[in-house]
Amino acid sequence: MEKTSASNFLETIVADDLAAGRVETVVTRFPPEPNGYLHIGHAKSICVNFGLAETFGGRCNLRFDDTNPEKESQEYIDSIQADVRWLGFRWDGEVRFASAYFQQLYDWAVYLVEQGHAYVCDLNAQQAREYRGTLTEAGKNSPYRDRSVAENLDLLARMKAGEFAEGEKVLRARIDMASPNMNMRDPILYRIRKVAHHQTGTDWVIYPTYDFAHGQEDAIEGVTHSVCTLEFEDHRPLYDWFIEHLPIAARPRQYEFGRLNPSYTVTSKRKLKQLVDDAVVSGWDDPRMPTVAGMRRRGYTPAAIRKFCQMIGTTRSDGVVDVAMLEFAIREDLNENAPRAMCVLNPLKVVLTNYPDSQVEDLVAARHPSRPDLGERVLPFTRELYIDADDFREEANKKYKRLVLGKRVRLRNAYVIEAHEAVKDSAGKVVEVHASIIPDTIGNDPADGVKPKGVIQWVSASRGRQATVRLYDRLFDHEAPDKGDRDFLQHVNPDSLRVVERAWIEPSLVQALPEQGFQFEREGYFVADRYDHSEESPVFNRTIGLRDSWAEQGGEGQ
RNA sequence: UGGGGUGUCGCCAAGCGGCAAGGCACCAGGUUUUGAUCCUGGCAUUCGGAGGUUCGAAUCCUCCCACCCCAGCCA
């Protein structure tokens, strides 16, 4: 409709279905199970599903696939909704729950029994596994496979009534124990679970399995294109089987795409939960987590995440996406939109010996080099200030473009200064630098023609503020931390978090609001922490560093 | 070894019989009061391999190879 050329195979399919009149309006759904927080992989799925609806003027539902109460909880239901909204997507109507369809699903199960397509099986889990056969050997029919419809109906009703213990009986479809597709070997439709459900309480003691529920949920909601990941491909024949054998008019179709595997990260709910439970990180929303909540706290923006998903495309091949692409997406967004500010992480005091002790000049600087609409801020300039210790050397080669004893450097948005003396402590460590300003160098090069080597950031010692700055890095130091039989916990990067308790920030930063992003010039992009930041005690998280070709080249001249 | 998939530059990805888009990364220059940004240029005679069909193949056919998924009463 709005699009003339499809950008991936799913769009091609939808466009064709629309053009051929097979569907009137495209309806998709994002169907998370509320058993964990959403991660970057889900973000891709969200972009794919909501994106398809958006692109073709259709609808997308948010449906909790809550068929297994044991691992689910309200906390996850809340976080998932917040994350989807934060990413900028709006689901159609109210949030849906698979559990709201439990009665309909049960009625359909009864129908299948009546049609002779399902039976109650008494095999326990162990026996069922043995009867199922292997990948290369056909399974054997359950001895309970030929119970009469009447007996099955009675047994199913009694399962529902709670007459049997967990694991004692299950309801299975009667399909083909010799099918080369394991999913078709009389799959389980209902199992007994005597636990309360977060939505239905104790109404049910039998719960439908994913296979028996998903397609029917789609049908109930009028979903036309049920998009999921590749590992469900083998389930499609079963998905279709249920739709075909049930009195259902709707005809949803399942399509699969390759899931996202970013390098240097893990995206399995089990592993992410383990990182949380083992306190490797502070929680699901720890800024190092690849969760949507974690990325949010880290300073990633919805626009960057969506851009990233668009960059990687949607295909049926599954590979590993270089996290550098995600990093590019966030740098691109923040470079364009984040106000600039100055922060000194490793303070070294500089005393400007030719600058009056009582003088304060309110210098004005743009908040962004190419976005005048972002306005300006005031930078108080004083006799004593801080620069980064890494930006000063008593001596260095010509490639070092910072302050060197006897040489000049430009203080960003302020004067050019020249260093005269390095004051050291008893251990010989430089603790203070004495320098002088070159007059009339704000906006001008020195009159004597001796230009400064470089530009460094600074913060007034008397007017600046102290802040806590958290320097985050990749959580894992291995490109594929959980590939094969690797123990991903062995690859947790020991330097994934470094906290700078007393960084100096320019005074304008006290006005920062939680979740507001900045570029601390020459350092990187930072965000005021969503929870811990306040005007009284500022806390910034490093989202991502600036590209640093100097460091990449080994920092020649250090 | 049964079934289902996938193989195009280091990574992602267009391409659908007419002679290899683009992005990331990387490299080389230029601009720059951020060693950032920005700009310019470079980066697959070759499409998992081998045959075949064709005037012509990454695109069609055959065989082979590699990798991923499936034996939960998880989703």
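Scope of the values below: all heavy atoms of this structure, side chains included, with no hydrogens, waters or symmetry mates. In the text below, chain A, chain B and the rest are named by the order of the sequence lines, each starting its count at 1.
Nearer to the 5' terminus of RNA chain B, by closest-nucleotide assignment, is the contact made by A:N8 (compared with the other of A:N8 and A:Q519). Across the interface with RNA chain B, nearest-nucleotide mapping of A:T136 and A:R410 shows A:T136 to be the residue nearer the 5′ end.
By the 30° and 60° cut-offs, the orientation of the rings of A:W504 relative to A:Y386 is parallel. Aromatic ring orientation, A:F381 versus A:W458: perpendicular (interplanar angle above 60°, classes split at 30° and 60°). Ring pair A:H235/A:Y210 is perpendicular by interplanar angle, where above 60° counts as perpendicular and below 30° as parallel.
Going from the C1' atom of B:rG5 to that of B:rC9 covers 24 Å, rounded to whole Å. Using C1' as the reference atom, B:rG49 and B:rG42 are 30 Å apart when rounded to the nearest Å. Using P as the reference atom, B:rC61 and B:rA25 are 38 Å apart when rounded to the nearest Å. With P as the reference atom, B:rC73 and B:rC60 are 39 Å apart, rounded to whole Å. For B:rA50 and B:rA58, the C1' atoms lie 16 Å apart once the distance is rounded to whole Å. The gap from the C1' atom of B:rC11 to that of B:rG51 amounts to 32 Å, rounded to the nearest Å. Across B:rU46 and B:rG10, the matching P atoms stand 13 Å from one another, rounded to whole Å. Separation of the P atoms belonging to B:rC74 and B:rG17 is 47 Å when rounded to the nearest angstrom.
Taking atom CE on A:M184 and atom P on B:rG4, their separation rounds to 13 Å, with Å as the unit. Distance A:L546 CG to B:rC38 C1': 14 Å, rounded to the nearest Å. Distance A:L379 CG to B:rU34 C1': 14 Å, rounded to the nearest Å. When rounded to the nearest whole Å, the span between CZ of A:F9 and P of B:rG15 equals 12 Å. Rounded to an integer number of Å, the gap from CZ of A:F518 to C1' of B:rA36 is 18 Å. Protein atom OH of A:Y264 is 13 Å distant from nucleotide atom P of B:rC11, rounded to whole Å.
Base engagement by A:I442 is indicated by at least one non-hydrogen atom pair under 4.0 Å involving a base atom. If you check every strand for non-hydrogen atoms under 4.0 Å, A:V416 touches nothing. Among the atoms of the strands shown, base atoms are found under 4.0 Å from some heavy atom of A:G443. Here A:E336 lies out of heavy-atom contact (under 4.0 Å) with every strand. Using a 4.0 Å heavy-atom criterion, one finds that A:R522 contacts the bases of the nucleic acid, with or without backbone contacts as well.
Not counting sequence neighbours, A:S549 has no partner by the side-chain hydrogen bond (donor to acceptor under 3.5 Å, both in side chains) test.
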>> Each nucleotide in nucleotides 66-75 of chain B should get exactly one letter: B, S or -. Can you fill that in based on protein heavy atoms under 4.0 Å?
In response: --SBBBSBSB

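Taking CD1 of A:I46 as the reference point, atom CG of A:L38 lies at 4.5 Å (rounded to 0.5 Å).
Heavy-atom contacts from other residues, nucleotides or ligands closer than 6.0 Å to NZ of A:K271 number more than 12. Crowding of A:K451 atom NZ: a count of heavy atoms from other residues, nucleotides or ligands under 6.0 Å not exceeding 12.
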Report all interatomic pairs (protein N or O, nucleotide N or O of nucleotides 24-32 of chain B) with separations under 3.5 Å.
none

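Applying the 4.0 Å criterion to OP1 and OP2 of B:rU6, one finds that A:T315 has every side-chain N and O outside that range.
Across all strands shown, B:rU54 remains unpaired; no Watson-Crick or G-U wobble contact has both distances below 3.5 Å. Base pairing of B:rG10: its partner is B:rC24, meeting the Watson-Crick or G-U wobble criterion (both donor-acceptor distances under 3.5 Å).
Two rings, from A:Y239 and A:F232, have their centers 6.0 Å or more apart.
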> Do A:E231 and A:T229 pass the side-chain hydrogen bond (donor to acceptor under 3.5 Å, both in side chains) test, and can you show the C-alpha distance, the side-chain angles, and the key distance before you say yes or no?
Replying inline: CA-CA 6 Å; A:E231 66 270 26; A:T229 42; 3.1 Å; yes

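For the ring-ring contact (aromatic ring centres under 6.0 Å, His included) with A:Y207, the qualifying choice from A:Y101, A:F102, A:Y190 is A:F102, the only one to do so.
Between the side chain of A:R402 and the base of B:rG35, at least one donor-acceptor pair of N or O atoms lies under 3.5 Å. Remark: the A:R316 side chain and the B:rU6 base include no donor-acceptor N/O pair separated by less than 3.5 Å.
A salt bridge is absent between A:D388 and A:R402; no separation between the charged side-chain nitrogens and carboxylate oxygens falls under 4.0 Å.
Shown here, B:rG72 is classed syn by the O4'-C1'-N9-C4 or O4'-C1'-N1-C2 angle, which is within 90° of 0.
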